[in-house]
Student: 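Structure in structure tokens, see below.
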Number of protein chains: 2
Amino acid sequence: MNGDPIKSFGLVIKEIRKSQGLSQESLATEANLDRAFISQVENGHKQPSLLTIFRLADALKLSVSELLKQVEAVLAGN
Amino acid sequence: MNGDPIKSFGLVIKEIRKSQGLSQESLATEANLDRAFISQVENGHKQPSLLTIFRLADALKLSVSELLKQVEAVLAGN
DNA sequence: TTGTAGACTGGCGTCGACT
DNA sequence: TAGTCGACGCCAGTCTACA
């Protein structure tokens, strides 16, 4: 029930970040991104570029394919 | 031997497209993208956004996670 | 700690045309 | 068929700041 890949991506990022007990601030630092931008992405207000997706995956310590597999799962219907 | 995710992504797209006997033109049509932009991406001159990655994966008839798994394989050393 | 806002720079993605 | 170029509009991503 979530046809939007951008919103789904944000949801997954937020879930994983919280599950690791990280703040947006610390995630932003690890991924070399701006904290305000992390917030926009998590709420589906901005879509990241390829490089940013890699940076986020690295910061969350999982592979890009594993990250996007979770996005696909959310897209498939949560 | 290829540390650049953007170039690796381009290589994978080009390989898969050729393996399916598609032209850049037809891939661009399927993915609702510009042919010139497909060329830039395949040669690592431009990096796609999240939405564009999904469009490309769909046009190549494979999942985003599978697509990026192949990118990771190239990154890992071909 | 997070969401959001405004202003800003650089780059995504389109289009037309030429090689 | 594919690579590239210039011009263009729009958005990714940064920074500062406030609730």
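First the proteins, then the strands, lettered A, B, ... as listed; each starts at 1.
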Student: So with a 6.0 Å cut-off around NZ of Lys7(B), is the heavy-atom count from everything else above 12?
Tutor: no
Student: Can you tell which of dA5(C), dT14(C), dC15(D) lies closest to the side chain of Gln40(A)?
Tutor: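 Within the option list, the nearest is dA5(C).
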Student: Regarding Ser23(B), tell me which of base, sugar-phosphate or nothing describes its non-hydrogen contacts under 4.0 Å with the strands shown.
Tutor: sugar-phosphate
Student: Grab the two heavy atoms, one from Pro5(B) and one from Leu50(A), that are nearest each other, plus how far apart they are.
Tutor: O-CD2, 4.1 Å
Student: Below 4.0 angstrom from OP1 or OP2 of dA2(D), is there any side-chain N or O of Arg17(B)?
Tutor: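 Looking at the OP1 and OP2 atoms of dA2(D), one of them is under 4.0 Å from a side-chain N or O of Arg17(B).
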Student: Answer yes or no: does a side-chain N or O of His45(A) lie under 4.0 Å from OP1 or OP2 of dG3(C)?
Tutor: no
Student: May I have the distance from Asn43(B) (atom CG) to dG3(D) (atom P), rounded to whole angstrom?
Tutor: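 Answer to the nearest Å: 5 Å.
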Student: Please work out if Arg55(B) contacts a base, only the sugar-phosphate, or nothing of the nucleic acid, heavy-atom cut-off 4.0 Å.
Tutor: nothing
Student: Please give me the minimum heavy-atom distance between Gln47(B) and Leu51(A), naming the atom from each residue.
Tutor: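 Reported closest heavy-atom pair: OE1-N, 2.8 Å.
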Student: What integer distance in Å separates Ile13(A):CD1 from dG13(D):P?
Tutor: 12 Å
Student: Is the shortest heavy-atom distance from the side chain of Leu62(B) to the side chain of Ile16(B) under 4.5 Å?
Tutor: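 They are in side-chain contact.
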Student: Just to confirm, is there a sub-4.0 Å distance from OP1 or OP2 of dG13(C) to any side-chain nitrogen or oxygen of Thr52(B)?
Tutor: yes
Student: Grab the CG-P distance between Leu27(B) and dG13(C) for me, whole Å please.
Tutor: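 In whole Å, dG13(C) P lies 14 Å from Leu27(B) CG.
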Student: Separation of Ile38(A) atom CD1 from dG3(C) atom P, in whole Å?
Tutor: 11 Å
Student: Look at the side-chain N and O atoms of Gln24(B) and state whether any lies under 4.0 Å from the OP1 or OP2 oxygen of dG3(D).
Tutor: yes
Student: Output the rounded distance in Å from CZ (Phe37(B)) to P (dG11(C)).
Tutor: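 To the nearest whole Å, that distance equals 14 Å.
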Student: Can you tell me if Gln47(A) touches the phosphate of dC11(D), counting only side-chain N or O atoms and a distance under 4.0 Å to OP1 or OP2?
Tutor: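 So the side chain of Gln47(A) is outside the cut-off, no N or O lying under 4.0 Å from OP1 or OP2 of dC11(D).
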Student: So if I apply the side-chain hydrogen bond (donor to acceptor under 3.5 Å, both in side chains) rule between Ser65(B) and each of Lys69(A), Glu72(A), Glu66(A), which one comes out positive?
Tutor: Glu72(A)
Student: Within the modelled atom types, does a donor on one side and an acceptor on the other bring the side chain of Arg35(B) and the base of dG3(D) under 3.5 Å apart?
Tutor: yes
Student: Please check: side-chain N/O of Arg17(B) versus main-chain N/O of Leu22(B), any donor-acceptor pairing under 3.5 Å?
Tutor: yes
Student: Classify the nucleic acid contact of Leu33(B) as base, sugar-phosphate or nothing, counting any heavy atom under 4.0 Å across all strands shown.
Tutor: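 The residue Leu33(B) makes sugar-phosphate contact but no base contact.
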Student: Would you say the side-chain atoms of Asp34(B) pair up with the backbone N or O of Ala36(B), donor to acceptor, closer than 3.5 Å?
Tutor: yes
Student: Which nucleotide sits closest to the side chain of Ala36(A): dG3(C), dT16(D), dG3(D)?
Tutor: dT16(D)
Student: Indicate whether OP1 or OP2 belonging to dT1(C) is found under 4.0 Å from a side-chain N or O atom of Lys14(A).
Tutor: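 Negative; the distance criterion is not met.
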Student: Could you give the CG-to-P distance, from Leu56(B) to dC12(C), as a whole number of Å?
Tutor: 14 Å
Student: To the nearest 10 degrees, what angle separates the axes at the start and end of the helix from dT2(C)-dA19(D) to dT19(C)-dA2(D), five pairs each?
Tutor: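 Inter-axis angle at the ends, rounded: 50°.
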Student: For a quick check, tell me whether the side chain of Lys46(A) and the base of dG13(D) share a donor-acceptor pair closer than 3.5 Å.
Tutor: yes
Student: Kindly give the heavy-atom pair with the smallest separation between Ile6(A) and Gly44(A), and that separation in Å.
Tutor: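 Residues Ile6(A) and Gly44(A), closest heavy atoms: CG2-O, 4.0 Å.
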Student: Please classify the nucleic acid contact of Ser49(A) as base, sugar-phosphate, or nothing, using heavy-atom distances under 4.0 Å.
Tutor: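 Since only primed, P, OP1 and OP2 atoms lie under 4.0 Å of Ser49(A), the category is sugar-phosphate.
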Student: Return whichever of Ile6(B) or Leu22(A) has its heavy-atom-nearest nucleotide of DNA chain C closer to the 5' end.
Tutor: Leu22(A)
Student: Given atom CG of Leu50(B) and atom C1' of dC11(D), what is their separation to the nearest angstrom?
Tutor: 14 Å
Student: Would you kindly give the CD-to-C1' distance between Glu42(A) and dA12(D), to the nearest whole Å?
Tutor: 17 Å
